[in-house]
Amino acid sequence: MTDIYTVITDFNLVPLIPEIFMALFAMGLLIVGVSQGNRSTSVICWASVAGLAITALLIMGLDWQHKIILNGMFVFDEFAGFMKLLVLLGLMASLALSVRYLAQEGIERFEYPVLVVMSGVGMMMMLSANNMLTLYVGLELQSLALYVLAAFHRNAVRSAEAGLKYFVLGALSSGMLLFGISLLYGFTGSIDFGAIGASLLAADSISFGPIFALVFIVAGLAFKISAVPFHMWTPDVYQGAPESVTALFAIVPKVAAMGLLMRLLFEPFAAMADQWGQIIYFLSLASMLVGAFGGIAQLSIKRLIAYSSIGNMGYALIGIVAGTPQGAGAVIVYLLIYMIMTAGVFAVILSMRRNGAAVEWIGDLAGLSKSNPVMAYAMAILLFSMAGIPPMAGFFGKILVFQAAVAEGYYVLSVLGVVSSVVAAYYYLRVIKVMFFDEAADPFDGRTPFARRAVLLISTAFVLAFILKPSLIVESAQSAALSLFFG
Amino acid sequence: MTVQAVAFFLFAGILTLSALMVITARNPVHSVLFLILAFFNAAGLFVLLGAEFIAMILVIVYVGAVAVLFLFVVMMLDISFSDLRKGAMQYVPVGFLIGLVLLSELALLYGAWVSVPEISNNLAAPVSAFAGKTNTESLGLLIYTHYLLAFQCAGLILFVAMVGAIVLTHRVRPGVRKQSVAEQQRRRPEDVLEIKKMTPGAGL
């Protein structure tokens, strides 16, 4: 045992290849950007999309057997692989959506894609963390890049405010997380997930110490997935940040943070399932209700999406409450569907421009069915799906998590989940009503760029086609989830 | 009392007092100076614990760089700190309440603290490997072996921080005159000089 502190017993960098490639790729892009200047931004954006696609191929080429390397610092298994592919997909979609937007807003700077890719490296580290230290550095790498991105439109007061708000609350959440980790270290004497899990399992009873630690760690992570009561920053940051960054925030980091939370709860904290079950139960219930009722009064589509994402994280957490491989699989499917729907919705939101400036009020969508019927119908399909109306994909995501919860006897949570999803349906349907039945406003500027049309088309097609062969995704998600339990 | 105990109470006492002075001093320059004093005393406490490397880092990094940077900021920016502090008093009850809650939680925790049976094993594992080695040597061994990944990742974080700082603050100012060595080297006399023949008394 003592040996591992002076030598690396399992020096095998193969599972790390995707991360190493991404980091080097980002640095290479930075060099290109510095020599070519800001006019190369769109080229660098597309190059990063290509780089992310290569990273995804590298991940698919790896051996997906459970593997722990570098003295237990890093783990790669089916779960990590699957979640990383989701993250990469989300990053690619959000980058593709950003290219034209950056030019339109006059914030075309080549650092943008570099920061997005670096935050991606952080997210991949989070998903493969097998040690509190790896967890923390991954989380900080991700967050630091996102803080900068939130303030990217630095001449706009709103954007600067969003960046600062996100930074301050992110620092607070890091503080809580570290406090929790230090308590846990005091209790178990280790920061390695394996050792923590074994120590907790061996303990006769769970005393106050690890419960305190658990509460602080979960609270710190709840900030990242904006679960109620740690959601206050979400609407303001979503509204203030540049829209392409909002799209990124809504699509990707939550998937990574949710994956991290799942690994943490199902692996090292497996022995404390009774304790964390209560915490996640509350977070889930409160998020669903706040997401449903908070969204009703919103006039800005960006704030609406913020509340929608809070509610959606609540539904995803139901699967964790269930605490079974079935529930974990349902969470993965839910996140995938949520991510694809959100990407499609943002393709529409980013096209909301009049007279060269972005507009964000729901009323601005009025008459979209006349001026751009294809976009209006696609948006309607995506919103129906978000509201959970069959036969769209969103319905299946919800039904899978509810099934998992009911199988474990969480009837109250499931019923309240259904109720809040009915309430939330109101605001999704209101947007559809505005698009189709309200008096037409002026049409939006110009033609929709190719990337936005492609993202919109793909996500609508996915939402519609999911019913044809749901087993394709559900089964691979289930098997990924199984690797968390019987790694 | 042993020498160590005396030293501990001395360092801890001065540390607490100077920390208090940091937040109560009216003059911000005094606050920063008290902060430096607090850092020195914390370093003393680390030396008492046998963590001489961290003690030195604290002095070099925090006193040498961070605190001096604070001092520069405080002196160079024309901020009225008394204006900033105006209205801070109204948050005292809330802050006090939160502090009280945290303190009672810590007390509760301390009272009910039970470590897992494995803790001695978990803690002993790294210690025995480094018996008889100095702090610096052990850290050096650990950083490049056991914590290699975290160390590299910390490097990436610094990289992102640097890019971020440049993104948020760098502005291209038009009309700034800069020296370009390449341009200076490229200059040829015939491009910039015109040689005229002058006849005396005729003018140009």
Side-chain angles (χ1 to χ4, degrees), chain A residues 1-8 11 16 19 23 26-27 30 38 69-71 73-74 109 111-112 114-115 118-119 121-122 125 131 133-134 136-138 140-141 144-145 147-149 151-152 154 160 163 183 186-190 192 195-196 198-200 202-205 207-210 212, chain B residues 98 101-133 137-172:
Chain A
M1 261 315 273
T2 55
D3 223 2
I4 69 161
Y5 287 92
T6 45
V7 291
I8 304 182
F11 189 81
L16 257 171
E19 281 82 357
M27 291 173 203
L30 193 68
N38 286 332
I69 57 161
L70 296 177
N71 291 355
M73 298 294 276
F74 189 89
R109 308 191 55 174
E111 290 96 343
Y112 183 92
V114 175
L115 286 171
M118 288 309 290
S119 80
V121 178
M125 295 284 295
N131 186 302
L133 200 58
T134 329
Y136 184 68
V137 288
E140 283 304 299
L141 181 57
L144 199 61
Y147 301 146
V148 178
L149 285 172
F152 204 77
R154 59 183 191 191
L183 284 179
F187 182 75
T188 59
S190 177
D192 181 77
I196 292 172
S199 307
L200 287 179
D204 306 326
S205 63
S207 71
F208 268 138
F212 266 77
Chain B
I98 294 177
V101 170
L102 280 179
L103 190 69
S104 54
E105 280 181 356
L106 276 180
L108 187 69
L109 199 57
Y110 184 74
W113 192 264
V114 192
S115 299
V116 292
E118 282 78 20
I119 190 168
S120 47
N121 270 335
N122 287 343
L123 284 177
V127 174
S128 57
F130 297 107
K133 288 203 172 72
E137 198 181 350
S138 328
L139 274 173
L141 280 172
L142 275 175
I143 282 177
Y144 298 105
T145 54
H146 192 64
Y147 294 114
L148 175 75
L149 182 65
F151 183 66
Q152 293 295 333
C153 202
L156 285 183
I157 294 177
L158 289 179
F159 170 69
V160 168
M162 185 186 73
V163 174
I166 293 173
V167 168
L168 292 181
T169 57
H170 178 70
R171 274 162 217 277
V172 181

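Only heavy atoms go into these numbers, but all of them, side chains included; no hydrogens, no water, no symmetry mates. This is a predicted model, so every value here is computed, not measured. Just so we're on the same page: letters track the sequence lines, and every chain starts at 1.
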Portion of B:I143 that has a non-hydrogen atom of chain A nearer than 4.5 angstrom: neither
Note: B:V167 and A:R109 closest approach over all heavy atoms is O-NH1, 3.0 Å
For B:E105, which atoms come within 4.5 Å of any heavy atom of chain A: side chain, backbone, both, or neither? both
Which heavy atom in B:H146 sits nearest to a heavy atom in A:M73, and how many Å separate them? O-CG, 3.6 Å
Give, for atom CG of A:L144 and atom CG of B:L158, the distance between the pair rounded to the nearest 0.5 Å. 9.0 Å
Taking the side chain as every heavy atom from C-beta outward, state whether A:V148 and B:V163 have any pair of such atoms under 4.5 Å apart. no
Compare every heavy atom of B:L168 with every heavy atom of A:A151, then report the nearest pair and how far apart it is. O-CD2, 3.5 Å
Once you round to the nearest 0.5 Å, how far does CG of B:L149 lie from CG of A:L16? 5.5 Å
Counting only heavy atoms closer than 4.5 Å, note whether A:T134 contacts chain B via side chain, backbone, both or neither. side chain
Scan A:M27, A:M125, A:E19 and name whichever one has a side-chain contact (heavy atoms from CB on, under 4.5 Å) with B:L156. A:M27
Heavy-atom closest contact (A:M118 atom, B:V160 atom, distance): CB-CG2, 3.6 Å
Contact check, side chains of B:C153 and A:L141, non-hydrogen atoms, under 4.5 Å: yes
Considering only heavy atoms and a distance below 4.5 Å, find which of A:F152, A:Y136, A:Y147, A:F212 pairs most often with chain B. A:F212
Whatever's closer than 4.5 Å to a heavy atom in chain A on B:S138 counts as neither
With a 4.5 angstrom heavy-atom cut-off, which part of B:F159 approaches chain A: side chain, backbone, both or neither? side chain
A:Y112, part contacting chain B, at a heavy-atom distance under 4.5 Å: neither
Contact part of A:F187 toward chain B, heavy-atom cut-off under 4.5 Å: side chain, backbone, both or neither? both
dist B:T145:OG1 -> A:F11:CZ (nearest 0.5 Å) comes out at 11.0 Å
If we define contacts as heavy-atom pairs under 4.5 Å, which of A:A26, A:G186, A:S119 has the most with chain B? A:G186
Tell me, side chain or backbone of A:L30 under 4.5 Å from chain B's heavy atoms, or both, or neither? side chain
Under a 4.5 Å heavy-atom cut-off, does chain B meet the side chain of A:I69, its backbone, both or neither? neither
Give, as side chain, backbone, both or neither, the part of A:A145 having an atom under 4.5 angstrom from any heavy atom of chain B. both
